[in-house]
Amino acid sequence: MKDILTYLSQHRFLHHDNHGVTICHVEEKEAGITLGKAILAEIINKKTMLYLSGGSLQTLYEQLAQEDLIHPGAVGLIDERYGEPMHPNSNQKMISDTGFLRILSLQNIPFYPVLQAGKEREAVAQAYDGKVRTWQAVYQRHVGLLGIGPDGHISSIIPNRPDFHNPWFAADRQHLLVSEFNDPKSKYKERVGMTFLGLSMLDILLVFVFGDAKQKTLEKVFEDGPESEIPARFFKRPEIAEKTLFITDQRV
């Protein structure tokens, strides 16, 4: 994280501290994407394991596919919508459509998807958990790219509701780096992804938050309250905050 803070200071990007989290404010999403690319070019090398999220980061991946900026040792995913590999709603399919996975392939950079053909959700989660543990021993630096959902979810760590309690908050799952659930009553359905413990194993967390619709969510993130209500409050944990950078066009 020191190299990121040095970069921000050297290039005179205004940033401040909120509950220990470094916040870098940009005027618009495009400026945030440009800053994100520059930071990635600064910190990524062949000794880096890079983890990608879906959602609002599509533009970032499109631009990384067009520019020869980063050369990580390997690339994986933060989370995924369960199903067969490359199903239409998968993060893997979205990232592939940006052209980024093709660039990785041309550069002989391994990409490790979450989904496996014909495997049940529980088996997929267990297998990816094992891979994440292996990568911890192989790569010197682990970088995660994340967003924050309107309800405050990160990865597939969704908040509890009266009609659904996320099993990832249960005591018997606290040892897992990757877990799974099925939430048929909501848009989330079946998910596999990194838990709080899994995310805590990463060395740098770059969090991209753009759009006026996220302002109230960001305000809630920095309010007191349980993580089961707003999972993104995880970033305020002292040991997590010191390695987290928010890039946002909202004031917080």
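What you see below is based on every heavy atom in this structure, not just the backbone, and it leaves out hydrogens, waters and symmetry mates.
With sequence neighbours excluded, the residues forming a ring-ring contact (aromatic ring centres under 6.0 Å, His included) with Phe235 are Phe246, listed by chain and number. In this structure His11 satisfies the ring-ring contact (aromatic ring centres under 6.0 Å, His included) test together with Tyr7, sequence neighbours excluded. Taking Thr34 as the reference, Glu30 meet the side-chain contact (heavy atoms from CB on, under 4.5 Å) condition, with sequence neighbours excluded. In this view, Asn89 satisfies the side chain to side chain donor-acceptor pair (under 3.5 Å) rule with no residue, not counting sequence neighbours. Considering only residues two or more places apart in sequence or on other chains, His19 meets the side-chain contact (heavy atoms from CB on, under 4.5 Å) condition with Phe222, Lys236. Remark: His142 engages Met49, Tyr51, Trp135, Gln136, Tyr139, Leu202, Asp203 in a side-chain contact (heavy atoms from CB on, under 4.5 Å) (not counting sequence neighbours). Every residue was checked against the ring-ring contact (aromatic ring centres under 6.0 Å, His included) condition with His25, not counting sequence neighbours, and none meets it.
Enclosure of atom CG in Asp224 is not indicated, since only 12 or fewer non-hydrogen atoms of other residues, nucleotides or ligands lie within 6.0 angstrom. Sparse packing is recorded around NZ of Lys216, with 12 or fewer heavy atoms of other residues, nucleotides or ligands lying under 6.0 Å away. Environment of CD in Glu120: sparse, with no more than 12 heavy atoms of neighbouring residues, nucleotides or ligands closer than 6.0 Å. More than 12 heavy atoms of other residues, nucleotides or ligands shown are found within 6.0 angstrom of CG on Asp17.
Counting only residues at least two apart or in different chains, salt bridge (Lys or Arg N to Asp or Glu O under 4.0 Å) contacts with residues 185-195 comprise Asp79-Arg191, Arg121-Glu190. The list of salt bridge (Lys or Arg N to Asp or Glu O under 4.0 Å) pairs with a residue in residues 126-148, not counting sequence neighbours, reads Asp3-Arg141, Asp129-Arg133. Evaluation of the salt bridge (Lys or Arg N to Asp or Glu O under 4.0 Å) test over residues 96-117, restricted to residues two or more places apart or in two chains, returns Lys93-Asp97. Among residues at least two apart or in separate chains, salt bridge (Lys or Arg N to Asp or Glu O under 4.0 Å) pairs with a member in residues 52-67 are Lys37-Glu67.
For the pair Gln116 and Pro85, the minimum side-chain heavy-atom distance is 4.5 Å or more. Between Leu77 and Tyr128, some side-chain heavy-atom pair lies under the 4.5 Å cut-off. Residues Gln92 and Phe111 are in side-chain contact: their nearest non-hydrogen atoms beyond the backbone lie under 4.5 Å apart. When side chains are defined from C-beta on, Ile247 counts as touching Leu245, because their heavy atoms get closer than 4.5 Å. Taking 4.5 Å as the limit, every side-chain heavy atom of Ile78 sits out of range of all side-chain heavy atoms of Leu52. When side chains are defined from C-beta on, His87 counts as touching Leu115, because their heavy atoms get closer than 4.5 Å. Considering only heavy atoms from C-beta on, Ser53 stays 4.5 Å or farther from Phe208 through its side chain. Within the 4.5 Å cutoff, no side-chain heavy atoms of Ile39 are placed close to those of Ile204.
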**OP:** Let me see the working for Gln140 and Asn45 under side chain to side chain donor-acceptor pair (under 3.5 Å), right down to the final yes or no.
**Re:** CA-CA 10 Å; Gln140 291 185 359; Asn45 58 41; over 6 Å; no
Subject >> Full working for side-chain contact (heavy atoms from CB on, under 4.5 Å) between Phe234 and Leu205 >> reply: CA-CA 11 Å; Phe234 161 81; Leu205 298 163; 4.3 Å; yes
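Hydrophobic clustering (ILVMFWY, side-chain heavy atoms < 4.5 Å, transitive): Val114 and Met86 are in distinct clusters. Linking Ile, Leu, Val, Met, Phe, Trp and Tyr whenever their side-chain heavy atoms come within less than 4.5 Å puts Ile109 and Val138 in one cluster. Tracing side-chain contacts under 4.5 Å through hydrophobic residues (I, L, V, M, F, W, Y), one never reaches Ile103 starting from Leu40; they form parts of separate clusters. The hydrophobic clustering, which links ILVMFWY residues whose side-chain heavy atoms are closer than 4.5 Å, places Ile33 and Leu14 apart.
Using modelled atom types, one side-chain atom of Gln174 and one backbone atom of Trp168 make a donor-acceptor pair closer than 3.5 Å. Listed for the Glu242 side chain is no donor-acceptor partner under 3.5 Å among the backbone atoms of Val21. The closest donor-acceptor contact from the side chain of Thr248 to the backbone of Val209 lies under 3.5 Å. The main-chain N or O of Lys220 is found under 3.5 Å from a side-chain atom of Arg233 such that the two form a donor-acceptor pair. Remark: the backbone N or O of Leu5 is paired with a side-chain donor or acceptor of Ser9 at under 3.5 angstrom. In this structure, Thr244 contributes its side chain and Ile240 its backbone to a donor-acceptor pair below 3.5 Å. No donor-acceptor distance shorter than 3.5 angstrom exists from the side chain of Gln58 to the backbone of Thr98, with no hydrogens or angles considered.
Closest approach of Tyr112 to Ala74, counting heavy atoms only: CE1-CB, 3.8 Å. Nearest approach of His153 to Ser155, heavy atoms of both residues: CD2-O, 3.4 Å. Leu35 and Cys24 get closest at one heavy-atom pair: CD2-SG, 3.4 Å. What you find for Asn166 and Ser156 is that their closest heavy atoms are ND2-O, 3.9 Å. Among all heavy-atom pairs drawn from Leu57 and Leu146, the shortest one is CD1-N, 4.1 Å. Scanning all heavy atoms of the two residues, the minimum distance from Gly149 to Thr217 falls at O-CG2, 3.5 Å.
Between the CZ atom of Arg251 and the CG atom of Asn18 there is a distance of 13.0 Å, given to the nearest 0.5 Å. Put simply, NZ on Lys119 and CD on Gln126 are 8.5 Å apart, with the number rounded to the nearest 0.5 Å. Going from atom OG of Ser186 over to atom CG of Asp151 covers 9.0 Å, rounded to the nearest 0.5 Å. In this structure, CG on Asp68 lies 12.5 Å from CD on Gln66, to the nearest 0.5 angstrom.
Of the options Tyr82, Tyr188, Phe164, a ring pair (Phe, Tyr, Trp, His ring centres under 6.0 Å) to Phe181 is made by Phe164 and by none of the others.
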Show me the side-chain donor-acceptor pairs of residues 193-201 shorter than 3.5 Å, one per line, residues at least two apart or across chains.
unit_1: Thr195; atom_1: OG1; unit_2: Leu176; atom_2: O; d: 2.5
unit_1: Thr195; atom_1: OG1; unit_2: Leu177; atom_2: O; d: 3.3
unit_1: Thr195; atom_1: OG1; unit_2: Leu197; atom_2: N; d: 3.3
unit_1: Thr195; atom_1: OG1; unit_2: Gly198; atom_2: N; d: 3.2
unit_1: Ser200; atom_1: OG; unit_2: Leu197; atom_2: O; d: 2.6

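Side chain to side chain, His175 and Asp172 fail the donor-acceptor criterion of an N or O pair below 3.5 Å. Side-chain polar atoms of Gln250 and Asp212 form a donor-acceptor pair below 3.5 angstrom. Between the side chains of Ser179 and Arg173, at least one donor N or O lies within less than 3.5 Å of an accepting N or O.
Taking 4.0 Å as the cut-off between side-chain N and carboxylate O, Glu239 and Lys243 do not count as a salt-bridged pair. A salt bridge is absent between Lys214 and Asp249; no separation between the charged side-chain nitrogens and carboxylate oxygens falls under 4.0 Å.
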